[in-house]
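Worth knowing before you read on, the calculation uses all heavy atoms, side chains too, and leaves out hydrogens, waters and symmetry mates.
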Amino acid sequence: MSEYVLLRHRQIPNLNRLEVYQANGGFGAFRKVLTEMQPADVLNEVKTSGLRGRGGAGFPTGMKWSFLPNTLWPHYVVANGDESEPGTFKDREILENNPFQFLEGLMIASYAVQANLSFVYLRGEFWQIGKQLERCIATLERAGLLGENILGTGYSLRLVVHMGAGAYICGEETALLESIEGKLGQPRLRPPFPAVAGLYNRPTVINNVETLTNLPPILANGAGWYRSLGTEKSPGVKIFSLSGCVRRPGNYELPLGSTFRHLIEELGGGALEGRRLKAIMPAGASSSLLRVDDRVLDTPMDYESVAALGSQLGSASVIVLDDSVDLKWLLNKTVHFFKHESCGKCTPCREGTYWMSHLTERLVLPGKAQAGDAELLLAVARQMQGKCLCALGEFSTMAVTTAMQLFPEEFAER
Amino acid sequence: MNALLERYPDEVKAILARYPQEQKRSAVMPLLYLAQRERGVITVKDMAEIGELTGMEITEVGSIVGFYTLYHDSGPRFRVQVCTDLPCALRGADEFLKRLCENIGVRVGEPTADGSLVIEEVTCLAGCHHAPMFQVQGDGEITYHEDQTVESATETIAELRRRAAGGQHE
């Protein structure tokens, strides 16, 4: 890629310093938005850009904002920095190295929905990032870019960093809101949706860190420029977190619609010495597996194309599996994760992940498997599907059902 | 008398001021981190005092401590938390953890004989491309250690134990 849109720190040293960020165009978009644009204009520009949520669901960002009623106040914006999906480490790189672009994005979103208090929710493990963000916010307050009557426009905004404390489920947006409210991080029953009754029962926008980081370049360069990147239905760039059995794991910023082959083989260096690629999990531990063949490798990584293969792009955390990986072992790993992270609120997820983890453990421990365990595992997974309160329970079954369907030979009883 | 407020008057006030005035309960998580800062654990007395500051029952504060894995009501000063989730495991994290524990002479989850630290297994820390990796929680901080070898991790642990033995806090 010639020029980064999100990972700009890779080309500009010390971008986490305000003067460097500003010298490279930083806060130009925020100034323009505040002094030249009405909130509705900002909303329209983001809608036109086609930006879709980068946290996993891919929901159109502008449309999400437009659901906030103008009859209920105050409005809140919450940045979701609870990045915890196994295989995902993109928000972390932005927050560590390009924090001001993220904050500028959050400030633009706040102006667009006229929020005067916005939150950054970070997973507790990002402790050092939290300290840095608080320093950045203090710097912006001193520079007059946050606080009362910003740039003499009458608009006021305060930002608060709220640290989570080790719970994957808080990445689910309603559990995240509960956590800010000082409650257990358990998802809420919907409707009502956060756009109407969110934080403190007020209209709330929750956007992923990467989503927000896209906003300054969109507002600075225009929706048309953004749409020139990526595909028609999935415009723009995306950070792909590449991990697992590959030579060069790491974050790669690419236009949406780049192929798996380009990411894994050309950028990631392909399989390790003497190994063959076997399967891909495009959305972290929550993914449906893809069995590697030429058709899969040549598929463009955009929301529609990956869905057409029977999987999901999600947050684009691409975990590569080679022929050394035993899929029963893999399922034991992913199911154990979900069992550990299930919040316990709804029965299908709490009990289902517990039983799946018992069964996968029996399948991997020598001599422990009983006749019919594999079928029982599949039956438990299928019984959970469509019955859980939030996506966590559903996600826990994806790898199970697809691994057994695509690689039946690995689950045949010996 | 609220000992937490007396000990950290400025911090407590700053934490409460972050949230809307009628939403004191939002302060419970940062207050728990504050209570845990010095000794790595949250006592029943801390929970009662935080309840007082946030208008919560002590049982409600206790349930928050129980739900979130970074809060502890008992345990040693330092926690060495190794990620063994799928992406790290694909790059040798299980073997790393096993050999590290052998090297130190402890089992996962069992504190060292001097009571200074425990090695734990945790879920994904967003460091998959730098496996094997772990975080150290203690003294009110969390720090990442990435691209680790058993030798480098052993050295870090020795340093933590020296700090604990010397009794000095950072």
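In terms of non-hydrogen atom pairs under 4.5 Å with chain A, the most contact-rich of B:T84, B:V122, B:T54 is B:T84. Your options are A:I319, A:V161, A:N251, and the one with the most heavy-atom pairs under 4.5 Å with chain B is A:I319. Heavy-atom pairs under 4.5 Å with chain B were tallied for A:A167, A:G87, A:C343, A:S241; the largest tally goes to A:G87. Residue with the most contacts toward chain B among A:E93, A:K131, A:E85, A:R248: A:K131 (heavy-atom pairs, distance under 4.5 Å). Of the residues considered (A:G124, A:G182, A:P74), A:G182 shows the highest number of contacts with chain B, using heavy-atom pairs under 4.5 Å. Contact count against chain A (heavy-atom pairs under 4.5 Å) is highest for B:A89 among B:A89, B:P30, B:G66. Between chain A and the residues B:V61, B:I64, B:I142, the most heavy-atom pairs under 4.5 angstrom are made by B:I142.
For chain B, no part of A:L272 is nearby; none of its heavy atoms comes within less than 4.5 Å. The contact between A:R123 and chain B is made entirely by side chain atoms (from C-beta outward), counting heavy-atom distances below 4.5 Å. Using a 4.5 Å cut-off between heavy atoms, A:F119 contacts chain B through its side chain alone, with no backbone atom that close. In this structure, chain A has a heavy atom under 4.5 Å from the backbone of B:A17, while its side chain stays farther away. Only the side chain of A:T334 comes within less than 4.5 Å of a heavy atom in chain B; its backbone stays farther off.
A side-chain donor-acceptor contact under 3.5 Å links A:R158 to the backbone of B:R18. B:R91 places no side-chain N or O within 3.5 Å of a backbone atom of A:C245 that could act as its donor or acceptor partner. Judged by distance alone, the side chain of B:Y68 and the main-chain N or O of A:G185 form a donor-acceptor pair under 3.5 Å. Between the side chain of A:S243 and the backbone N or O of B:P87, no donor-acceptor pair lies under 3.5 Å. The main-chain N or O of B:G140 is found under 3.5 Å from a side-chain atom of A:W127 such that the two form a donor-acceptor pair.
Counting heavy atoms from C-beta outward, A:W329 and B:L86 have side chains that approach closer than 4.5 Å. You'll find the side chain of B:E60 stays beyond 4.5 Å of the side chain of A:L184, heavy atoms only. Within the 4.5 Å cutoff, no side-chain heavy atoms of A:K183 are placed close to those of B:F67. Within the 4.5 Å cutoff, side-chain heavy atoms of A:S179 are placed close to those of B:M29. Counting only heavy atoms from C-beta outward, the side chains of B:T123 and A:F338 never approach each other to under 4.5 Å.
At most 12 non-hydrogen atoms from other residues, nucleotides or ligands lie less than 6.0 angstrom from CD of A:E148. Within 6.0 Å of atom CD in B:E110, more than 12 heavy atoms from other residues, nucleotides or ligands are found, so the atom counts as buried in its surroundings. Taking a 6.0 Å sphere around CD of B:Q21, one finds it holds 12 or fewer heavy atoms contributed by other residues, nucleotides or ligands.
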Residues A:K333, B:D94; criterion side chain to side chain contact (heavy atoms under 4.5 Å, CB included); working and verdict:
CA-CA 11 Å; A:K333 277 283 177 195; B:D94 287 318; 3.1 Å; yes
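Side-chain atoms of B:T143 and A:Q128 include no donor-acceptor pair closer than 3.5 Å. B:Q81 and A:E125 share no donor-acceptor pair across their side chains, judged by distance under 3.5 Å alone.
Residues B:A126 and A:F89 approach most closely at O-CB, 3.4 Å, considering heavy atoms.
Between B:K24 and A:E181 there is no salt bridge, since no side-chain nitrogen of the basic residue lies less than 4.0 Å from a carboxylate oxygen of the acidic one.
If you look at A:H162 and B:Y19, their ring centroids are closer than 6.0 Å.
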